[in-house]
Amino acid sequence: MNLALPRDIGFDKDNFQKSKIYNTTDSLVNYILNILIMRPGNMPGMPEMGINIGQYVHPNMQTQLDVNMLKGLILSNCEALLPYLSSDDLYIGVVRDEDDRDILLIKIPLLVDESSREEKDVYYAFYRSQLNELKFNFLVDDDI
């Protein structure tokens, strides 16, 4: 089953004070972020949907994270988005930042235009704050 991408409407306003309508790339980025953060069972119609990425983000990720298991979990949860994802180039790794925190880095290549075969890489970063709160950020490759 392929997921049809609607024209999502955001909460922010454009320059004419109308609700902003997201393009395909922004919609895909938000869908994937929701899948990564959501817990299985949050959507009653699809109880298996969701990864709950927070359970994998902890201070000892360098030694304890099973990258292949997490990669399979992401691919199985994003199955409906596979026409837009390049599963061969999915990257998951752990990096250490200047504050000596482990950061889970996920790079997902997206096919944003089928006719031109244009791809963009989306980078998601997850880490724990000093208060053990899950923090995240994301960038699309043309924002870098």
Side-chain angles (χ1 to χ4, degrees), residues 1-14 18-97 99-144:
M1 172 181 89
N2 291 344
L3 182 68
L5 291 176
R7 293 179 58 135
D8 289 336
I9 298 174
F11 292 111
D12 47 343
K13 304 281 185 184
D14 64 11
K18 299 210 183 247
S19 294
K20 183 177 180 183
I21 298 175
Y22 293 128
N23 60 27
T24 303
T25 303
D26 292 338
S27 294
L28 284 168
V29 168
N30 287 323
Y31 288 156
I32 293 170
L33 181 62
N34 286 332
I35 289 170
L36 290 170
I37 293 175
M38 188 171 41
R39 293 179 180 185
N42 280 3
M43 294 179 68
M46 294 184 277
E48 68 285 346
M49 180 69 75
I51 294 174
N52 188 17
I53 199 76
Q55 70 182 337
Y56 303 104
V57 179
H58 50 78
N60 300 357
M61 286 188 294
Q62 292 274 356
T63 58
Q64 296 179 353
L65 184 68
D66 184 352
V67 172
N68 291 324
M69 181 273 310
L70 189 55
K71 187 175 185 179
L73 195 56
I74 290 171
L75 291 175
S76 68
N77 270 268
C78 294
E79 194 171 35
L81 297 173
L82 283 179
Y84 304 101
L85 300 181
S86 175
S87 61
D88 297 334
D89 296 329
L90 178 68
Y91 170 81
I92 298 173
V94 179
V95 295
R96 187 150 299 200
D97 70 357
D99 294 329
D100 205 33
R101 290 185 297 222
D102 281 350
I103 297 177
L104 177 60
L105 182 65
I106 301 171
K107 180 191 88 153
I108 301 178
L110 298 177
L111 179 66
V112 294
D113 186 358
E114 288 186 69
S115 59
S116 68
R117 305 299 297 165
E118 178 188 0
E119 283 192 8
K120 291 186 179 183
D121 291 332
V122 182
Y123 298 87
Y124 297 93
F126 298 92
Y127 65 94
R128 293 277 176 187
S129 70
Q130 289 180 338
L131 299 174
N132 203 30
E133 298 169 317
L134 179 65
K135 301 288 186 175
F136 63 89
N137 204 343
F138 62 89
L139 288 171
V140 179
D141 67 350
D142 59 349
D143 295 337
I144 296 177

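Because only heavy atoms are used, hydrogens play no part in the values below, and waters and symmetry mates are left out as well, while side chains stay in.
Atom OH in Tyr91 sits 6.0 Å away from atom CG in Leu105 (nearest 0.5 Å). Taken to the nearest 0.5 Å, the OH atom of Tyr127 stands 5.0 Å off from the CZ atom of Arg101. Taking NZ from Lys120 and OG1 from Thr25, the interatomic distance works out to 4.5 Å, rounded to the nearest 0.5 Å. The line from CD1 of Ile35 to CE of Met46 is 8.0 Å long, rounded to the nearest 0.5 Å. The CE atom of Met38 lies 10.5 Å from the CG atom of Leu33; values are rounded to the nearest 0.5 Å.
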Set out, in order, the CA-CA distance, both residues' side-chain angles and the distance that settles side chain to side chain contact (heavy atoms under 4.5 Å, CB included) for Glu119 and Leu110, then state yes or no. CA-CA 5 Å; Glu119 283 192 8; Leu110 298 177; over 6 Å; no
With side chain to side chain contact (heavy atoms under 4.5 Å, CB included) as the test, would you mind laying out the steps for Leu70 and Ile51 before giving the verdict? CA-CA 9 Å; Leu70 189 55; Ile51 294 174; 4.3 Å; yes
Could you give me the CA-CA distance, side-chain angles and deciding distance for Phe136 and Ile37, then say whether side chain to side chain contact (heavy atoms under 4.5 Å, CB included) is met? CA-CA 10 Å; Phe136 63 89; Ile37 293 175; 3.6 Å; yes
Should Tyr56 and Met69 be marked as a side chain to side chain contact (heavy atoms under 4.5 Å, CB included) after you check the CA-CA gap, both sets of side-chain angles, and the distance that decides it? CA-CA 11 Å; Tyr56 303 104; Met69 181 273 310; 3.5 Å; yes
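A donor-acceptor distance shorter than 3.5 angstrom exists from the side chain of Asp141 to the backbone of Asp121, with no hydrogens or angles considered. Here the side chain of Tyr124 pairs no donor or acceptor atom with the backbone of Leu139 at under 3.5 angstrom. Panel note: side chain Arg128, backbone Val57; a donor-acceptor pair is recorded below 3.5 Å. Between the side chain of Asp97 and the backbone N or O of Asp99, at least one donor-acceptor pair lies under 3.5 Å. Between the side chain of Asn77 and the main chain of Leu73, a donor-acceptor pair closer than 3.5 Å is present.
When side chains are defined from C-beta on, Asn52 does not count as touching Asn42, because their heavy atoms never get closer than 4.5 Å. By the 4.5 Å heavy-atom criterion applied to side chains, Leu28 and Val122 are not counted as neighbours. Side-chain contact between Ile53 and Leu104 is present, with at least one heavy-atom pair separated by less than 4.5 Å.
Closest heavy-atom contact between Asp102 and Pro59: OD2-O, 2.7 Å. Met61 and Phe126 get closest at one heavy-atom pair: CE-O, 4.5 Å. Nearest approach of Leu65 to Ile92, heavy atoms of both residues: CD2-CG2, 4.5 Å. Of all heavy-atom pairs between Cys78 and Leu85, the closest is CB-CD1, 3.5 Å. The minimum heavy-atom distance linking Gly50 with Pro40 is given by the pair O-CG, 3.4 Å.
More than 12 heavy atoms of other residues, nucleotides or ligands shown are found within 6.0 angstrom of CD on Gln55. Around the CZ atom of Arg96, the shell of radius 6.0 Å holds more than 12 heavy atoms that belong to other residues, nucleotides or ligands.
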